Amino acid sequence: MAAPVSDQITERLSEAVSLPYSVKLPVFEGPLDLLLHLIKVNEVEITDIPVARIGEQYLQYLTVMRELNLDVVGEYLLMAATLAWIKSRMLLPAERVGEDGEEIDPRAELVARLLEYQRFKEVAQELGDRNRLDRDVYAAPGLDLETPSDSEREIEVGLFDLVEAYRQVLEAKRDVAPEAHEIEAEEVTIRDRMVAIIDALEARASVEFEVLLGDEVRKNGSGEAGEAEIDWQSIGRPKIVASFIAMLELTRLAAIRIYQSTDEIGFPSGPIHLRLAVDVGDRNWAKDLPELM
Amino acid sequence: MDETEKRGIAEALILASMEPIPVARLAKMIPRCTPSKAKALVDSLNADYVAQQRAFEICEVAGGYQMRTHPEYKAYLAQLHKTRPLRLSNAALETLSIVAYRQPVTRGEVEQVRGVDAGPVMRSLLERKLVKIAGHREVPGRPMLYSTTKRFLEVFGLSDLEDLPTLRELEDLKPSDPIAAEAESATEGDDDSVVMPEPQLVDADVSLEDLEIAGKPH
Amino acid sequence: MDETEKRGIAEALILASMEPIPVARLAKMIPRCTPSKAKALVDSLNADYVAQQRAFEICEVAGGYQMRTHPEYKAYLAQLHKTRPLRLSNAALETLSIVAYRQPVTRGEVEQVRGVDAGPVMRSLLERKLVKIAGHREVPGRPMLYSTTKRFLEVFGLSDLEDLPTLRELEDLKPSDPIAAEAESATEGDDDSVVMPEPQLVDADVSLEDLEIAGKPH
């Protein structure tokens with residue numbers, strides 16, 4: 001025979017007296033948990049709860065909680081009310097009849113809830129007993145791997161690098177065409193160049209600075225860096241200037257990003273690359289750009 | 001490349017990875033390897049570890065392989081970590097179980113099962129990243145849905161959700177009693193049963209003496 | 001306790017440690033052990049690893065022992081970089097949450113909320129394609145407007161922005177009254193003080209919970 005409820009209560013009360021600062025109700029996880037406990041100590045079947053007896057003990061328990069100055073939360077009171085209601089129903093002749101003509105036990109819903117809760121309680125216990133990470137077992141944290149060598153790594157370049165590259169381009173142009181002053185009537189606007197650069201970068205993930213400076217990359221993917229010599233003379237200085245300013249503007253708007261590799265000693269070298277920095281996919285640049293300027 | 005080399009690569013990758021490596025990814029990183037071959041490599045490594053009484057093994061957690069120490073060393077390893085082990089109350093474990101089996105689940109559904117407010121516990125599970133918000137249920141009020149995380153699998157050493165005791169086993173816990181079956185149907189939309197009397201039925205003024213008498217064994 | 005057990009403890013400790021373990025510390029964590037004995041244990045483990053052709057060995061780095069893979073696997077390990085998840089700092093999450101909940105929003109508005117310069121963080125969010133430029137606000141100075149991207153929805157598992165939980169919904173998870181709060185602290189006990197590792201860094205599979213917390217008004 002299990003210990004009577006009164007003994008448990010007394011025991012708990014004495015605990016409460018001896019530990020004035022850490023009054024702790026035996027941990028019941030709520031009214032269903034308390035009911036399961038009472039069902040267990042009374043050694044009765046969940047499916048055939050003696051509602052009167054269990055209900056009485058349940059109320060005693062709530063009273064003890066109050067004696068211990070623990071606020072009885074609403075859920076416990078609601079369950080007390082449910083038990084009282086079921087008890088009264090069981091005294092009355094059956095009112096409700098199921099589809100098959102049989103009486104519906106007024107306890108049925110409570111029984112179903114208790115069974116379901118019990119299932120999860122068992123699963124929870126099982127879960128709690130598993131080997132737990134950082135309590136029972138520990139994982140290898142993984143190695144802080146060396147980063148790839150600098151030459152493979154893309155790094156940001158400063159505006160200085162960009163300007164320097166631009167200066168070199170202009171210098172190269174002076175070399176090839178010192179006498180060319182035939183200014184073509186071709187109107188090149190910064191806006192056009194911004195749109196062209198965005199288009200080019202949308203078509204390809206990364207494009208070389210010099211290629212973009214000269215002309216937009218065709219969508220079919222020609223104009224790969226280093227594939228062919230760039231004919232600066234045919235491009236014309238206005239276009240190069242407009243392209244460069246367009247790049248600066250796009251950089252300022254954080255629409256594109258500029259990268260350059262470094263050599264073994266960490267000095268920036270090699271071609272400068274441009275990439276889209278932002279999700280510009282859902283934006284009509286051609287339409288928006290006039291506002292940007 | 002022979003098996004020994006591949007095994008070495010698998011071992012190095014699993015040791016060095018910061019998180020569990022899925023078998024498909026592992027296979028991709030080893031030259032001329034398939035997932036089933038990768039699995040065989042891991043099995044063979046684990047067999048080695050057992051034979052050589054290593055303090056660790058390769059476990060399958062959260063859909064990937066990870067090197068983990070054996071539980072028998074837990075007392076020593078506890079000294080190593082500054083953070084205290086993740087403790088979970090019964091309330092947290094119960095809530096976690098309900099979320100795990102019923103996901104995606106609303107807070108109300110959890111409360112229905114446990115019979116108590118689930119808010120604070122749910123919050124603490126969210127903070128510990130064992131549970132995450134998984135959208136809304138498209139019903140009036142659009143309640144938030146919760147589901148378990150990858151971290152949940154990692155913490156409990158589960159390879160995936162299938163690794164939980166199956167729902168069938170859960171069903172087995174239920175007795176074949178007809179009342180239970182009936183009760184199931186009764187819970188579904190039988191509004192009559194929801195009418196509750198006022199809670200003032202509880203007599204709060206019972207003294208301890210009354211209790212002693214009432215509580216005496218019958 | 002015999003040598004084999006001690007070796008096992010040393011192995012488990014070195015495997016699971018986040019940082020290299022100095023020999024003195026290792027000796028302290030093993031019962032009845034001295035630094036010179038601990039060193040002998042490590043040497044014996046390393047001899048094992050050589051004999052068994054393990055892909056790793058215990059190295060002395062930065063004044064402590066650490067398990068490291070052999071250099072010959074370097075090329076394979078480089079592939080692990082790609083699998084490393086994107087991490088977001090708290091600052092990034094805070095900023096992202098402000099953008100998510102107030103979009104479209106200017107940088108100035110974000111700074112007003114967070115009280116610090118939002119430039120660098122916003123740039124990194126743009127780079128990670130979590131945030132995009134969404135035009136200008138038609139006020140003097142025409143500041144840029146930011147909004148979240150499709151990728152943002154993907155990362156957070158949202159079908160659309162409507163799916164973002166409201167702050168009120170999260171408030172609901174807090175104990176509604178001090179009584180419940182007390183009850184919670186009584187049952188959950190010291191759980192609340194559990195320190196999660198790496199509180200600064202959040203995985204890319206950050207949950208919405210992170211966002212909500214970050215987005216809470218200060």
Side-chain angles (χ1 to χ4, degrees), chain A residues 1 4-6 9 27 29-32 47 53 56-57 59-60 62-64 66-67 73 75 77-82 84-85 96 98 104-105 107-109 111-113 115-128 130-143 145, chain B residues 15-19 56 59 66-71 74 77 80-81 83 85-86 88 90-91 93-94 96-98 101 113-117 154-157 165 170 173-175 177 179-180 182-184 186-187 192-193 196-199 201-204 206 208 211-212 214-218:
Chain A
M1 180 72 194
V5 174
S6 57
I9 290 166
V27 187
E29 300 297 336
L32 291 171
T47 47
R53 175 150 50 116
E56 198 184 326
Q57 292 176 10
L59 289 186
Q60 287 165 25
L62 294 203
T63 311
V64 174
R66 297 205 159 176
E67 292 285 337
V73 233
E75 296 120 0
L77 297 177
L78 187 65
M79 180 57 74
T82 308
W85 179 81
R96 300 193 306 157
I104 290 177
D105 191 321
R107 300 171 295 185
E109 189 188 338
V111 168
R113 286 191 66 192
L115 285 172
E116 185 181 45
Y117 178 63
Q118 194 183 36
R119 292 191 305 180
F120 279 109
K121 240 179 106 68
E122 289 181 35
V123 170
Q125 171 123 41
E126 221 174 299
L127 203 59
R130 288 187 70 93
N131 282 331
R132 202 177 298 167
L133 184 65
D134 293 340
R135 184 188 73 170
D136 306 308
V137 296
Y138 294 79
L143 298 181
L145 297 170
Chain B
L15 177 71
S17 174
M18 293 201 174
E19 43 233 286
F56 52 84
C59 300
Q66 189 173 53
M67 246 179 225
R68 290 187 165 192
T69 59
H70 289 305
K74 63 193 244 186
L77 290 167
L80 192 62
H81 287 244
T83 53
L86 182 72
L88 292 168
N90 284 338
L93 285 169
E94 283 176 26
L96 205 46
S97 302
I98 297 165
Y101 281 97
V113 175
R114 291 197 59 233
V116 290
D117 178 32
E154 282 181 31
V155 165
F156 289 95
L170 244 155
L173 296 174
K174 205 157 72 168
D177 197 304
I179 291 171
E182 241 174 71
E184 287 266 287
T187 40
D192 299 2
S193 53
M196 296 293 181
E198 292 300 300
L201 287 172
V202 183
D203 185 358
V206 199
L208 248 194
L211 271 183
E212 288 290 338
K216 244 174 231 157
H218 304 286

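In this text, all values refer to a predicted model and were calculated from it rather than measured experimentally. Throughout, protein chains are lettered first and strands after them, A, B, ... in sequence-line order, and every chain is numbered starting at 1.
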Checking side chain to side chain contact (heavy atoms under 4.5 Å, CB included) between Val116(B) and each of Glu29(A), Met79(A), Glu75(A), which is the one that passes?
Glu75(A)
Spacing of OG belonging to Ser97(B) relative to CD belonging to Gln125(A), to within rounding of 0.5 Å:
10.5 Å
Calculate, to the nearest 0.5 Å, the distance between atoms CZ and CD1 belonging to Arg119(A) and Ile98(B) respectively.
10.5 Å
Closest non-hydrogen atoms of Thr69(B) and Val137(A), given as atom of the first, atom of the second and distance, are O-CG1, 3.4 Å
Using the salt bridge (Lys or Arg N to Asp or Glu O under 4.0 Å) criterion, which residues pair with Arg68(B)? Sequence neighbours excluded.
none
Is the backbone of Gly157(B) close enough, under 3.5 Å, to the side chain of Arg130(A) for a donor and an acceptor to pair up by distance?
yes
Minimum-distance pair of heavy atoms, taken over all atoms of Leu32(A) and Val113(B)
CD1-O, 3.1 Å
Would you name the heavy atoms of Leu93(B) and Gly128(A) that are closest together and state the gap between them?
CD1-CA, 3.7 Å
State which residues pass side chain to side chain donor-acceptor pair (under 3.5 Å) with Tyr117(A); sequence neighbours excluded, sorted by chain then number.
Glu94(B)
Atom CG in Asn131(A), atom CZ in Phe156(B): separation rounded to 0.5 Å?
11.5 Å
Give, as side chain, backbone, both or neither, the part of Arg132(A) having an atom under 4.5 angstrom from any heavy atom of chain B.
both
